[in-house]
Amino acid sequence: LPHPFPQELEEARRWEGARDVQPLDGNVRRWGGLLLPNNPPYNTGAFRFELTFSPDHPLEPPCATLRTPIYHPSVDLEGRVCQPLTTHGHWEPATRAIQVLQDLLLQLDSPDPRRLLRPDVARELQERPEEFRRRAEEHTRLHAEPRPDP
């Protein structure tokens with residue numbers, strides 16, 4: 001099968017926010033890689049992601065999941081992410097894969113308690129930010145992958 005969007009993969013590979021972006025198991029509709037958050041409490045680790053494209057891409061939005069556990073209000077325990085950009089109401093076929101990854105990284109870097117899949121974590125972020133940060137740092141230390149060298 002010809003690759004449906006080789007330029008998009010190249011673009012994502014050149015982006016400094018991720019490493020090792022490549023099709024998984026030779027499937028061009030399933031990409032994996034490591035996201036590198038810029039901000040505490042997550043910037044001490046790297047987080048493995050998966051981006052899955054529908055056969056109807058780009059008419060249908062792709063779906064991003066995190067494979068590395070993260071203590072974050074917008075990511076549930078299964079790694080599903082509350083990402084408005086990829087919902088049917090917001091998705092634009094012109095949106096590129098790299099924009100989905102950039103949006104995901106921005107969301108990891110700036111937790112928004114309004115985009116929540118874990119209400120308990122969102123409440124902690126709002127009411128006890130120091131406690132949230134301590135837990136998220138500890139969780140990152142325990143679960144995140146080591147940061148690759150720049």
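Annotation for L59 and P93: closest pair CD2-CG, 4.2 Å, computed over non-hydrogen atoms. Nearest heavy atom pair, residue L104 against residue A64, reads CD2-CB, 4.0 Å. A12 and L101 make their closest contact through CB-CD1, 4.2 Å (heavy atoms, listed as atom of the first residue, atom of the second, distance). Nearest heavy atom pair, residue C82 against residue P84, reads O-CD, 3.6 Å. Closest approach of L24 to G32, counting heavy atoms only: CG-N, 3.6 Å. Here the closest non-hydrogen pair linking Y42 and T140 is CD2-OG1, 3.6 Å.
Residues T86 and V81 have side chains not in contact (no heavy-atom distance under 4.5 Å, counting atoms from C-beta outward). Between R96 and Q7 the shortest side-chain heavy-atom distance falls below 4.5 Å. R147 is listed as a side-chain neighbour of P37, based on a closest heavy-atom distance under 4.5 Å. Two residues are said to be in side-chain contact when any heavy atoms from C-beta on lie closer than 4.5 Å; D109 and N43 fail this criterion. Proximity of L108 to V75: side-chain heavy atoms (C-beta onward) are separated by under 4.5 Å at one or more points. Using a 4.5 Å cut-off on side-chain heavy atoms (C-beta onward), P61 and H88 make contact. Looking at heavy atoms from C-beta onward, W15 lies in side-chain contact with L105 at the 4.5 angstrom threshold.
Follow the hydrophobic side-chain contacts under 4.5 Å out from L106 and you never reach L35; the two are in separate clusters. In the hydrophobic clustering of this structure, L34 does not group with L66; members are Ile, Leu, Val, Met, Phe, Trp, Tyr whose side-chain heavy atoms approach within less than 4.5 Å, directly or through other members. Hydrophobic clustering (ILVMFWY, side-chain heavy atoms < 4.5 Å, transitive): L85 and F47 are in one cluster. At a threshold of 4.5 Å between side-chain heavy atoms, the hydrophobic network of Ile, Leu, Val, Met, Phe, Trp and Tyr places I70 and L36 in two separate groups.
Side-chain N or O atoms of Q107 include none that pairs as donor or acceptor with a backbone N or O of Q83 at under 3.5 Å. The backbone N or O of N27 sits nowhere less than 3.5 Å from a side-chain atom of D25 that would complete a donor-acceptor pair. In this structure, R13 contributes its side chain and V21 its backbone to a donor-acceptor pair below 3.5 Å. W91 contributes a side-chain N or O that, together with a main-chain N or O of P58, makes up a donor-acceptor pair within less than 3.5 Å. One N or O on the side chain of S74 and one on the backbone of R115 form a donor-acceptor pair closer than 3.5 Å. Side-chain N or O atoms of E60 include none that pairs as donor or acceptor with a backbone N or O of S54 at under 3.5 Å.
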Compile the donor-acceptor pairs under 3.5 Å between side chains in residues 118-125 and protein atoms, sequence neighbours left out, one pair per line.
unit_1, atom_1, unit_2, atom_2, d
E124, OE1, Y71, OH, 2.7
E124, OE2, R135, NE, 3.3

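For the atom pair CD of E8 and CD1 of I98, the computed distance is 9.5 Å after rounding to the nearest 0.5 Å. Separating the CD atom in E78 from the CG atom in L117 is a distance of 11.0 Å, to the nearest 0.5 Å. Here T95 contributes atom OG1 and H90 contributes atom NE2; the two are 11.0 Å apart, rounded to the nearest 0.5 Å.
For the side chain to side chain contact (heavy atoms under 4.5 Å, CB included) test, residues two or more places apart in sequence or in another chain that qualify with R67 are R48, E50, T65. Considering only residues two or more places apart in sequence or on other chains, H57 meets the ring pair (Phe, Tyr, Trp, His ring centres under 6.0 Å) condition with F5, F53.
Ion pair E137/R134 not flagged as a salt bridge, since none of the NZ, NE, NH1 or NH2 atoms sits closer than 4.0 Å to an Asp/Glu carboxylate oxygen. Electrostatic pairing of R133 and E130 does not count as a salt bridge here, judged by no charged N lying under 4.0 Å from a carboxylate O.
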